[in-house]
Each structure stands twice: as structure tokens, then as C-alpha cells.
Amino acid sequence: MKHLLKQLSLDETSRVLVKSWSQRVSPKVASNHAAQLFRDRLFIAGLMVGAVILLGVLIFYLGVFLKVTSFEKFQFWLMWAVTVSTALSFESLLLLGRSKDGAGKKLLVGPVSIFPSEGSGEQKNLSIPFWLGVAGVVVIFLLILLSRALPEGPMFALLWQVPFSYATMLALLLWVDRLVRNIALLRFSFWSLLGLSLLISSVLLAANFHYDFSQICGIVPAFWMFRLDADMAVWEVLALVLILFISWWKRGWLTAKGLPVFEVQEPEPVVGRSAVEEALRKALPTHLEGEERDLCWLMLKILSFPLVLSAAIFLFDWNGGLVGNFLLSLLEGLLIAVGAGVGLYIANLSFYYVYRIGAGRIALPLGLFPLGAKDLGREFFERILRRATVLIPYVALSFGILGRRHDYDFLWSLLTGLLLGLGSCVTIWLGRFWSLHMKFDEKSNSAGAFVRVCWTIFVWAPLVWPPGVLLFIISAERGPVDVNSVLRDAFGFWLFTSLVTAVWLAKIHRKKVHTFV
Amino acid sequence: MKIELRNASRSFDSETVFSKQNLIISTGSLVAVIGDNGEGKTTLVESIYGLQELDEGTVSWDDNEFDRHDVALRRRAFYLPFAPPLNVFQTGLFHLAEWFRFWSVDHDEAISQALDYLERFEVIDLVGRPMAKLSRGQQYKVALSGFFSLGADLWIFDEPFATGMDGKGIEIFRNVCREAVADGKTVIYTIQIPELTDGFASHVCDVTGENISLIEK
């Protein structure tokens, strides 16, 4: 914590240096640096939120242990703590980025302090994550008190599972894809989905909707919910329509008018290079270079968490029970996120290569590499293959341990994520291609984005999901095909890819994608 | 700063790098330490800087025997390795501020100087980014800008011409070193190609076998 506070508090030398430097460079350069500082503080704010959650978990676990409360309420509290903390971190980031006049970009240059009494103006804003963290602790304690008064049972579980599933799904995906840099959009999506899912859960609760609790105990149960009942799908559609309506009605939210916009650079797969990390990185296959090694290392880091969890479950025989269920749920969610992340990365990479070919504009709608570009095509697939070879041992080890010990279908989780990601890949390809050929001027950005999102969802996405569903059935080897089940899967898959595509499109739209070609 | 090695020996396991060698580098010298790979160039300069301890003998800076615990003395010099010690997650500005703190320099003056050097190297726009986003040569230029501004009397560089800097950067490096020497500072650098010392170094320190010899050019 001391180190974190030190990071937040720049000393006199840094202050003078940054100030002098910002006077010598162009406003744009200084602004980019501000965005960099902002991202640094995002990380710190994230850590603080994480610390708050961890603290809360420990406190509440103690409560369960001492039989002050039940496991069900523990889940309720835990999920809402995560949701509230996520919301707090989003808001703190927005507050951090808001300029004095409440509009436009903010230059985060100058002294930083966690104490509002020190510094002035924009400097004070930087204390916000800290105090929001403190507020988070208070909220958590309030939630603990509240949860004690709530009833128990399947209906009760719905109160946390539905909103949380949406929020987590979105947050994980955005994080994996590093879309988090688009704070305004993230905020909009988060609150929209959270509010709507709350609405849905309330209606379902009022209608005394029944479902199998055991099927949605995962930390990202949205995927499973799609498969529960066709009635659910109706609500999903309504929610989607409402989201689209709000995005049109409040289209100013997606522009620089309403919220700050941060100029960001194209992502670079950069990872840390401490001595230990460097040594581990060197252990990666030597045929990988530069960006690929970075990516593999990143993947390994992501996958190491499920691996550690698997080992913990195996070693301590945590099959079932409080800790076991929690870890298993966490693992499932992570695997889905990892799978989706890989799929989305493939989308990015494939898009990049297709456009490097030059004739991509013609080839893209068909999803084919044009003639004369065989080398690039081969390079692309070889890269994917090489990455897969690095990941296979880790995945195999993870599943090997779990497969022997438990009946839990983790492979299904990973495949679900992977297929969702790959499905998104195709949709994104199509959506991007279409976006690139649409010319919108600056003034019609919001309307353009809205039209594009709708068009993609309702026109392109349905063309994409049938193959995805087929893959679902084949890969999972689920026995005789139940048509209703397939349709529900298809709908879930379609909705998911559409949502991801919508977010993605809005993102690239904001970056004036037509200049990308 | 005058540097003096007396009866200096250094070896790794059974391999002797140099043995019972004496060396005097006068104030205001620009010394190129040359030698083939593995001959001990880096070992020599790191021994002069105090980074490596001699097995035998002493190192003196301005007739003061080097004492690792004498922080004030150590702050009179800097050593820039072939790969500068950078935290790739942090920006150039962060590193500059860190170095100024470590050397406890007057920040106003040093900052102004550092920014001047950054402008000369044409990397001033880049120091707001994480170092990982800069090329190797750019990283080295940022490091040079910071270290040049520390006000040290003894400058030591390991392989500065193999750091990825472009021709313009190397020329600026040479000019700044010349200015420093004219200002009474002592500059020592290692290099593998003797021809590259022409028109730049005032002395060549040859590390061959177990011997060290200093020749005025």
C-alpha cells in the first residue's frame, strides 16, 4: 500500500520535470502522456478495488465460518461487492479524467496527492480513487448488513446472478480485449446492462420464474442462462432493444460532448520484463519472436491462474463445499473469458492480415484470402498454430487434473468461450468491413454508430451463428440433438456475438476507422 | 576527475582478467577502452566505477581511495551500461526524475539541461510514453539525456556505439562528450573497433591478455 500511495504521489522533482516538459512539447504529446498517467492510475485504482473486494471476502468468509450468515448470502454479497466495486472504479476513472470545465480532454500533468487538501484543481481529482476505495469498504459493510435481512432461496439468488452475470461478462470481455481504454463507452455499457439486467431479474422474480439453480452457479452464468428457457430469450431481446434505444436516445454519451475522450494509441502487446519474467519468457519456444513471444507470455500468465486454481482444488480436495464451489465457478468464468479472448485476438490478427493483403476489400465479404496472397495467408495460419502449440501443454495439464477429479465440464466452458470469441471474430470481420466502407462525417458520428450497430446485429450476425451452433454440438458431443436446446444456444450465441460486435464497432467508429485503411 | 588503479587484479574462477596492473587516467581525458570480446573491457570499467570489486589493489578518484559507502563520492560519477537499467512500464520522465533523485542533483538546473538534451536527440516527444514503446536507440538517447544532466565528473559508458543509436545520435553523443572533456570531466567508454576511436578519444586503453596499457593518441 505504501508503494501504491507513493506511486500516486509524485514528488517535487517529478512535478517540476513534468511541468517543464509539458511546456516544451505540443499539447497533443502532453495529452498522450496524460492518458498514460491515467492508465497508470487505472491500474492502481484497480488494485485498490481488488484490495477492497479481497478484504470484504475475508470478512464475510469469516462471517460464514462463524455461522453469522449463510453461503447463499455470501454469494449475494460477493457478487454485488464485485459489481459495486467495478462501478466505483469506472466512476472514479471518469472523475479522474474530467476536466475542470466538465468537457473535453483533461491534462493529467502535475502533482498528485491522495489528500484533497493538497494541491489544487485537477490534482485534487487524483485523490478520488483512494476515497472511492474507502467508500467501497463502507458500501460492502452496508451490503453485509442488508444481506442479513434478505430472504433465501432460488428467487433470492436471481437478484445477484442476473445483474452480475451481465456486468462480469462485459467487464471480462472488455478487459481481455483492452477495450477498457474507452472509458466512456465502458461506463455506458456497464450501467446500461446492469440496469437492464436488474429490470429483467425483477420482472422474472415477480413472475415467479423457475429455473435450475445448479445450472447457473458459474461466475459468468449469462451463457448458461441463454440455454435455460425460451422465455428467457424474450427478455433478452427486449433488453437488447432497450439498449439500442437508449444508445440512440442518449447518443451524446458516446461522443466527446458528454464524457471525456482519451486519445489512445494502438495496443502493443507489451509485457513486463523483470528478471524472473525474462527468464520465463526465454523458456518459450525459440521460433517465436517479438510480438508473438509477448502474446504467448501474456496467454501463459492468463492461463496460469486457472492452472493454479485447478491445482488448489486437486490438492486440497475442494470438490464441493464453500471454497470448492467458489473456485470452480471462478475457474469456469475464467476459462470462458480465456477462450473468448483467444477468439477475439484471432479476429484482430486475421483482420490485420487481410488488410495487409491490400485486396482485402474484395476478399473480406467472402471470408477468403484472395489469390496471390498465399504467403500471407499461410503466415497467418502458421502463427495461430504456433501459438496453439505453446498453450496446449498448459491447457492439457489443467484439464487433465480436473478431468480425473471432477464431473465438472470445464472443457465445455473453454470451448464455449472459444467459439463465442471465434464467432465474434467472423461478425467483427464483417462489421468492420462494412464500417470501413461507410463514410460518416464528424457530426453524424453517433447516429452513424447506431445505424451501424443495428445493421450489424440484425443483418450480419444471423448469418454467422448457424456454423457456430453446429460446432457447439459437434465439439461438445452432447448426444442426441434437442432442437429446442440448439435454438436456445443459437440465440445466446447470436446475442453474444452481436453485443461484442456492437461494442467493437462503436469503439472503432470512435477512432475514425475510415482513416485506418 | 583523475582515476588511478594501483596493483589491480581481477579474475573469475580460474580465469584471470588482469593481474597487478597500474593505470592513471588524467582529468579531462577521453579514454576508449578497447579489446576483443571477453578480454575484460567491461570488467575494467565496472571496477573503476566500483560496481565490481577488485580481488587485489585499489581504485582512487581524485586521490581518494574509492569507498563503496561514500555516497557523495559515488555521486560524482555515473556508469551507463550497454543496456540501461529501465523499467519498461515506466515513462522516460519517470526515469529522469528517478535518476535526479538518486544523484540528488539540483532539479531545476538538471531538468532544464535534460530537456535540452532530449531536444537535441529529438526524443523529447517520446519521454511521456512507457519505455517499452521506444526503440532501443531511443531508450538509450533518453538515458543519455538524463545521465548527461547529472553533473557528474566521471562519465563511463559501456559500448555506447552499439546501442542502436542512429548516426545523428552518435554524433551528438560525441559532441557532448567533447564538451564535457573540455569542461574538465573525464569520459571513459568501451569499444571493440579501434578505428572508431579516431578523432574522438584522447587516449586508448588496451585490454589484452592480462595487461592494461594506456596510450595517448
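Naming: A, B, ... by sequence-line order, numbering from 1 per chain.
At distances below 3.5 Å, not a single donor-acceptor pair connects side-chain atoms of A/Trp21 with backbone N or O atoms of B/Val127.
B/Leu93 contributes atom CG, which lies 5.0 Å from atom CG of A/Leu17 (distance to the nearest 0.5 angstrom).
Taking 4.5 Å as the limit, some side-chain heavy atom of A/Arg24 sits within range of a side-chain heavy atom of B/Asp116.
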